[in-house]
2 protein chains.
Amino acid sequence: MQAAPAPTRHDQATRLLHQCGATVTPARVRVLQLLLAADAAMSHQSLQQAAAASGHPFDKVTLYRVLDWLTGQGLVHSVAGHDRVRRFSLMNPHHAHAHFECSVCGRLFCLRGSLASAALELPPGFASDRVDITVHGRCAGCTAAATAPRSRGKDPGV
Amino acid sequence: MQAAPAPTRHDQATRLLHQCGATVTPARVRVLQLLLAADAAMSHQSLQQAAAASGHPFDKVTLYRVLDWLTGQGLVHSVAGHDRVRRFSLMNPHHAHAHFECSVCGRLFCLRGSLASAALELPPGFASDRVDITVHGRCAGCTAAATAPRSRGKDPGV
DNA sequence: TGAAAAAATGCAACTCGGTTGCAAAAATGC
DNA sequence: GCATTTTTGCAACCGAGTTGCATTTTTTCA
């Protein structure tokens, strides 16, 4: 997280907002910028910290509301991890995609690419609507940290 | 829920506890009984209500601790729903099984039977450990209630 | 059996993610 | 410009889950 995100990201965020025909507010742009720059899904807390680190802290409630709004607009989607914390990431074009939750650092990634179509048999009367697939395991960062413990020590704190 | 659960369930619960060689305490037995009788995963809250309804309320913390202990023993497993509430159910013999979360009433069921093996491609460095599959949709009860709205009105309040 | 150690329970206070109510500020419509 | 709507900010609140500690129960073992 740089002190000043690249102008391209600001434009990108603004464009995304214009595309869904709603007011472009600084808070929305800034949240989108942060999400555009993120390599993993971000929690409310990590977004707040990132904003605070860049000198413009979010109000807690405003951030929740912006995230709700973005989710409602379909620009962003949220996933709750095993720690019961919601994490947000840009809605990517892969309509149905799986997630990866690292059991070491807790970070959550969106997996792109071939999603296994899970053919499950449901009990009678049950109607399937959407299937969520979450892979649990160790992310690249934590695998590297485990094999080379010297380079460890950076807990993303997401 | 009956005032006194069937003795078979009490025995069943006691046997399960003996099998893992730990102290059989009334709290543990009662929690297991409730879970044995449940048709869907139960939240901490619904367990507390069920216990209170039968005249022997649980202490909040004791219940959490019993649930943690049961989970640690592998007798029970917990799943967090989209509402960030953990729900507990007996560990069933199907080692890997999928879940069904009803988007109307919020209840969570364990699906038994053929689990589609999700063949996902992970980014380099990522190691898969376990795959969680949750189907979202409408459960049998809510489907029935929707087609025959007259018979509605029972919100399980889970 | 009976005392000491360990495990389980109960209560109060607390943390933390998230929400609600309401007033101030900014944007929009005319 | 002025009225209406939307967004923002603050404070108080809610509910799931945890922690600390004292009390009770169970287990151990001399």
Side-chain angles (χ1 to χ4, degrees), chain A residues 13-14 17-18 20-32 34 41-52 55-73 75-89 101 106-108 157-158, chain B residues 13-14 17-18 20-34 41-52 55-73 75-88 101 106-108 157-158:
Chain A
T14 312
L17 287 171
H18 272 132
C20 59
T23 354
V24 178
T25 72
R28 288 173 187 169
V29 174
R30 290 210 298 130
V31 171
L32 276 180
L34 289 170
M42 294 186 80
S43 63
H44 176 274
Q45 187 188 225
S46 63
L47 282 166
Q48 253 200 159
Q49 286 174 351
H56 296 278
F58 283 122
D59 173 71
K60 184 173 96 162
V61 180
T62 301
L63 179 48
Y64 276 119
R65 285 198 273 234
V66 166
L67 288 169
D68 281 351
W69 186 89
L70 288 171
T71 306
Q73 295 297 316
L75 289 175
V76 153
H77 80 298
S78 77
V79 199
H82 80 290
D83 56 2
R84 308 188 320 115
V85 174
R86 283 193 304 189
R87 288 178 171 75
F88 301 83
S89 65
E101 185 175 4
R107 283 194 296 179
L108 199 145
V158 179
Chain B
T14 313
L17 287 171
H18 273 132
C20 61
T23 357
V24 177
T25 73
R28 287 172 189 172
V29 173
R30 291 209 298 130
V31 172
L32 275 180
Q33 275 179 258
L34 290 170
M42 294 185 80
S43 64
H44 176 274
Q45 187 188 223
S46 64
L47 283 165
Q48 254 201 155
Q49 286 174 351
H56 297 278
F58 285 121
D59 173 72
K60 183 174 99 163
V61 180
T62 302
L63 179 51
Y64 274 119
R65 284 198 273 235
V66 166
L67 288 169
D68 280 350
W69 185 88
L70 288 171
T71 306
Q73 296 296 316
L75 289 174
V76 154
H77 81 297
S78 77
V79 199
H82 79 290
D83 55 1
R84 307 189 320 119
V85 173
R86 282 193 304 189
R87 287 178 171 77
F88 300 85
E101 185 175 5
R107 283 195 296 181
L108 199 145
V158 177

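Throughout, protein chains are lettered first and strands after them, A, B, ... in sequence-line order, and every chain is numbered starting at 1.
- Among the candidates A:S46, A:S78, A:S43, the single residue satisfying the side-chain contact (heavy atoms from CB on, under 4.5 Å) test with A:V85 is A:S43.
- Rounding to the nearest 0.5 Å places OG1 of B:T25 at 7.0 Å from CG of B:L17.
- Between B:R86 and D:dA16, a side-chain N or O to OP1/OP2 separation shorter than 4.0 Å is absent.
- A straight line from NE2 of A:H82 to C1' of C:dG17 spans 15 Å, rounded to a whole angstrom.
- With rounding to whole Å, B:D83 atom CG is found 15 Å from C:dT19 atom C1'.
- Rounded to 10 degrees, the angle between the two end axes of the helix from C:dT1-D:dA30 to C:dC30-D:dG1 is 20°, with five pairs used at each end.
- When the nucleotides D:dT7, D:dG17, D:dC10 are ranked by their closest atom to the side chain of A:D59, D:dC10 comes out on top.
- Along DNA chain C, the nucleotide nearest to A:D68 and the one nearest to B:R28 differ in position, and the one closer to the 5' end is contacted by B:R28.
- Rounded to an integer number of Å, the gap from CD of B:Q45 to C1' of D:dC14 is 12 Å.
- Note: OH (A:Y64) to C1' (D:dT8) measures 17 Å, nearest angstrom.
- Residues B:R65 and B:T25 each lie close to DNA chain D; by heavy-atom proximity, the contact nearer the 5' end of the strand is made by B:R65.
- Of the inter-residue distances, the one linking A:Q45 atom CD with A:L63 atom CG reads 11.0 Å to the nearest 0.5 angstrom.
- The side chain of A:V61 lies closest to C:dT19, out of C:dT19, C:dG17, D:dA16.
- Proximity note for B:T62 (side chain, C-beta onward) versus C:dG10, D:dT8, D:dA16: the nearest is C:dG10.
- When distances are taken from the side chain of A:P26 to each of C:dG18, C:dT20, D:dT8, the shortest belongs to D:dT8.
- Remark: B:T62 OG1 to B:W69 CH2 distance equals 14.0 Å, nearest 0.5 Å.
- Here D:dT18 is the nucleotide among D:dA16, C:dG17, D:dT18 with the atom lying nearest to any side-chain atom of B:K60.
- Using modelled atom types, no side-chain atom of A:R30 and backbone atom of A:F58 make a donor-acceptor pair closer than 3.5 Å.
- The side chain of B:T23 lies closest to D:dT26 when the candidates are C:dG17, C:dT20, D:dT26.
- Between A:F88 atom CZ and C:dG18 atom P the separation is 6 Å, expressed in whole Å.
- Spacing between atom CZ of B:F58 and atom P of C:dT9 amounts to 9 Å, rounded to whole angstrom units.
- Using a distance-only test at 3.5 Å, with no hydrogens or angles considered, no donor-acceptor pair links the side chain of A:R28 to the main chain of A:A22.
- One atom, CG of B:L17, and another, P of D:dT27, lie 12 Å apart when rounded to the nearest Å.
- Proximity of B:Q48 to B:K60: side-chain heavy atoms (C-beta onward) are separated by under 4.5 Å at one or more points.
- A:W69 places its CH2 atom 7 Å from the P atom of D:dT7, with the value rounded to the nearest Å.
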